[in-house]
Amino acid sequence: MAGENQTVSEYIVHHLTHLTYGKLPEGFVKADGTVVGASGEWTFAHGPQDIAAMGFMSIHVDSLMWSVGLGLIFCWLFYRVAQKASSGTPSGFVNFAEMVVEFVDGTVKDTFHGRNPLIAPLSLTIFCWVFLMNLMDLVPVDLVPHLFLLSGVEYQKIVPSTDPNITMGMALGIFILMLYYSIKVKGFGFVKELTLNPFNHPAFIPVNLFMEVVGLLAKPFSLGLRLFGNMYAGEMIFILIAALFSAGVAWMLPAGLLQMGWAIFHILVITLQAFIFMVLTIVYLSMAHEDH
Amino acid sequence: MNINLTLIGQMVAFIVFVAFCMKYVWPPIVAAMQERAEKIADGLAAADRASHDLELAQKRAVEQMKEAKAEAAAIIDAANKRANTIIEDAKAAARVEADRVKAAGIAELEQETNRARTALRAELAELTFLATEKVLGASVDRAAHAKLVAEVTAELH
């Protein structure tokens with residue numbers, strides 16, 4: 001359903017552009033020809049050039065809004081369950097929430113053998129939150145951006161987990177926890193693990209250090225980028241299928257079937273990706289707790 | 001794909017949500033679930049205990065019934081025995097009484113007989129005297145012949 005005067009590539013680029021609020025640097029020439037003043041200017045970006053100029057000093061308003069909104073929905077739903085939870089007979093949503101809690105608790109107990117009251121609630125939050133963020137992928141790609149466009153907002157990307165900032169933000173949060181628990185549990189043993197593994201000889205310290213640090217850094221990147229990659233690819237295919245609708249009336253039926261098939265398949269993918277993110281978090285934190 | 005401040009924002013949001021979940025969501029739900037699990041386990045244990053108790057009670061009831069039956073039989077037995085002895089005693093007593101009554105009757109009869117006999121003797125003596133007086137036409141000294149008459153009448157039965 002690309003707009004009347006929009007090429008397919010413009011359509012796709014529009015769909016992949018975030019609603020960005022950021023600081024334009026001094027001396028930047030905007031699209032309407034005005035030049036940004038001395039101390040820069042905080043404003044919404046109106047195109048890829050603006051976003052590129054903003055660099056790090058910008059925020060994806062849409063990603064953050066949807067991500068925090070979904071996080072609040074999760075907290076609200078489960079907080080209500082926590083208020084209602086009793087040892088009596090559970091019913092309705094309480095039942096479902098308890099099922100999720102039990103599932104997460106079981107997964108944590110299977111993988112994580114230490115004692116840490118943070119791991120299970122952390123896993124529950126990750127699982128539900130990532131699932132909700134992924135779930136936005138099943139909303140028809142044009143629906144929300146188009147509604148926002150009608151109300152005057154230029155860009156809107158509603159799937160937060162297709163934004164590497166979001167996935168890497170969570171992965172880095174987990175990385176910090178990994179480092180914290182590694183140092184807390186192992187103390188100096190953490191340094192030894194980094195320097196005397198896999199070759200236990202002082203001469204190999206630089207080699208060991210290089211390999212271990214790369215291995216350590218690979219964890220948050222693999223965690224964050226796996227989720228990002230899967231969701232981004234999924235969304236891309238949704239966009240491409242949507243673009244197919246504009247190819248002509250004959251393409252309507254196959255495109256519709258493809259859309260439905262991919263959406264059904266994607267129900268599996270979003271759940272699986274949320275689960276993988278949670279399990280890897282537990283595994284990495286479990287490794288951080290294990291003293292050799 | 002550009003990394004920017006969103007990363008920091010998401011990290012902060014992540015920390016806040018995890019902290020919220022850890023403080024207000026996880027503990028009450030897990031506590032409630034654990035409590036329920038304990039309640040169910042207690043209920044099942046109570047049911048087990050109850051069925052065991054029932055079995056015991058049934059056994060005890062059967063035993064008690066047996067005991068009661070035995071006791072009843074014993075009581076009936078004793079009662080029968082008692083009745084028999086009472087009957088026997090009564091029979092014996094009756095027999096004794098009957099004998100006594102009979103003996104008394106016989107004694108009385110003899111007494112009456114004797115009395116009658118004595119009276120008859122006296123009457124016979126009187127009659128004898130009267131007859132003799134008629135025959136002799138004179139009176140007879142009764143005192144003088146009383147001894148003789150008595151000897152004769154004594155021979156009469």
Side-chain angles (χ1 to χ4, degrees), chain A residues 18 20-23 51-52 54-61 63-64 67-68 71-72 74-75 77-79 81-90 94 97-98 101-102 104-105 117-118 120-122 124-126 128-129 160 163-174 176-177 228 232, chain B residues 1-69 71:
Chain A
H18 285 281
T20 312
Y21 183 79
K23 187 185 177 192
I51 294 171
M54 282 170 181
F56 186 76
M57 292 307 283
S58 58
I59 283 179
H60 291 159
V61 179
S63 290
L64 215 51
S67 137
V68 171
L72 285 176
F74 156 71
C75 283
L77 284 175
F78 275 73
Y79 183 66
V81 169
Q83 299 294 94
K84 272 199 247 168
S86 71
S87 57
T89 319
V94 177
E98 284 190 358
V101 166
E102 189 141 28
V104 171
D105 200 32
L118 172 70
L122 172 75
L124 178 71
T125 312
I126 287 174
C128 295
W129 196 14
D163 182 350
N165 290 295
I166 297 294
T167 59
M168 283 312 293
M170 287 197 289
L172 283 181
I174 291 156
I176 291 168
L177 282 177
F228 161 70
Y232 189 80
Chain B
M1 179 172 155
N2 34 18
I3 295 297
N4 55 31
L5 285 175
T6 317
L7 185 87
I8 313 289
Q10 175 71 5
M11 263 169 77
V12 173
F14 181 55
I15 291 164
V16 170
F17 286 140
V18 170
F20 179 84
C21 181
M22 188 177 161
K23 201 161 165 94
Y24 298 109
V25 173
W26 187 266
I29 295 180
V30 167
M33 283 165 68
Q34 207 156 12
E35 204 177 306
R36 187 179 317 125
E38 271 163 25
K39 246 170 127 180
I40 291 171
D42 284 354
L44 288 177
D48 271 356
R49 235 184 356 259
S51 73
H52 185 68
D53 283 355
L54 180 67
E55 221 171 274
L56 278 185
Q58 270 170 346
K59 243 184 232 167
R60 215 171 29 238
V62 167
E63 259 167 43
Q64 272 178 352
M65 206 119 76
K66 245 189 235 164
E67 253 170 53
K69 267 184 193 161
E71 217 168 298

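Chain identifiers are assigned alphabetically (A, B, ...) following the order of the sequence lines, protein sequences preceding nucleic acid strands; residue numbering begins at 1 within each chain. The structure displayed is predicted, hence computed values, not measured ones.
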Quick check on A:E102 against chain B: is it the side chain, the backbone, both or neither that has a heavy atom closer than 4.5 Å? both
Starting from the C-alpha separation in whole Å, work towards a yes-or-no answer on side chain to side chain contact (heavy atoms under 4.5 Å, CB included) for B:N2 and A:F56. CA-CA 8 Å; B:N2 34 18; A:F56 186 76; over 6 Å; no
May I ask you to name which of A:A120, A:S63, A:P117 has the most heavy-atom pairs under 4.5 Å with chain B? A:A120
Let me know if A:L177 has heavy atoms under 4.5 Å from chain B in its side chain, its backbone, both or neither. neither
Closest heavy-atom pair and its distance - A:S67, B:Q10: OG-OE1, 2.7 Å
Those residues of residues 21-36 of chain B, ordered by number, that approach chain A below 4.5 Å (heavy atom to heavy atom): B:C21, B:M22, B:Y24, B:V25, B:W26, B:P28, B:I29, B:V30, B:A32, B:M33, B:E35, B:R36
Closest heavy-atom pair and its distance - B:F20, A:C75: CD2-SG, 3.4 Å
Proximal component of A:Y232, with respect to chain B [non-hydrogen, under 4.5 Å]: neither
Distance, nearest 0.5 Å, that separates CG of B:L56 from CD of B:Q58: 10.0 Å
Using a cut-off of under 4.5 Å on heavy-atom pairs, state which of A:G169, A:S87, A:G71 scores highest against chain B. A:S87
Roughly how far, to the nearest 0.5 Å, is the OH atom of A:Y21 from the CD1 atom of A:I59? 9.0 Å
With respect to chain B, which residue among A:L72, A:V94, A:T20, A:D163 yields the maximal number of heavy-atom pairs within a distance under 4.5 Å? A:L72
Nearest 0.5 angstrom please: A:N165 CG to B:T6 OG1, how far? 4.5 Å
Derivation and outcome, side chain to side chain contact (heavy atoms under 4.5 Å, CB included), residues A:V81 and A:V101: CA-CA 11 Å; A:V81 169; A:V101 166; over 6 Å; no
Hey, could you give me the NE2/CG distance between A:H18 and B:N4, rounded to the nearest 0.5 Å? 8.5 Å
Applying a strict 4.5 Å limit to non-hydrogen atoms, the region of B:F17 in contact with chain A is both
Chain B contact via A:S58 - which portion, at a heavy-atom distance below 4.5 Å: both
Heavy-atom contact with chain B under 4.5 Å, split by part of A:I126: side chain
When the 4.5 angstrom heavy-atom criterion is applied to A:D105 and chain B, the contacting part is both
Measure the spacing between CD1 of A:I174 and CE of A:M168 and express it to the nearest 0.5 Å. 10.0 Å
Can you tell me how far the OG1 atom of A:T125 sits from the CZ atom of A:F78, to the nearest 0.5 Å? 9.0 Å
Would A:M170 and B:M11 satisfy side chain to side chain contact (heavy atoms under 4.5 Å, CB included), going step by step from the backbone distance to the final call? CA-CA 6 Å; A:M170 287 197 289; B:M11 263 169 77; over 6 Å; no
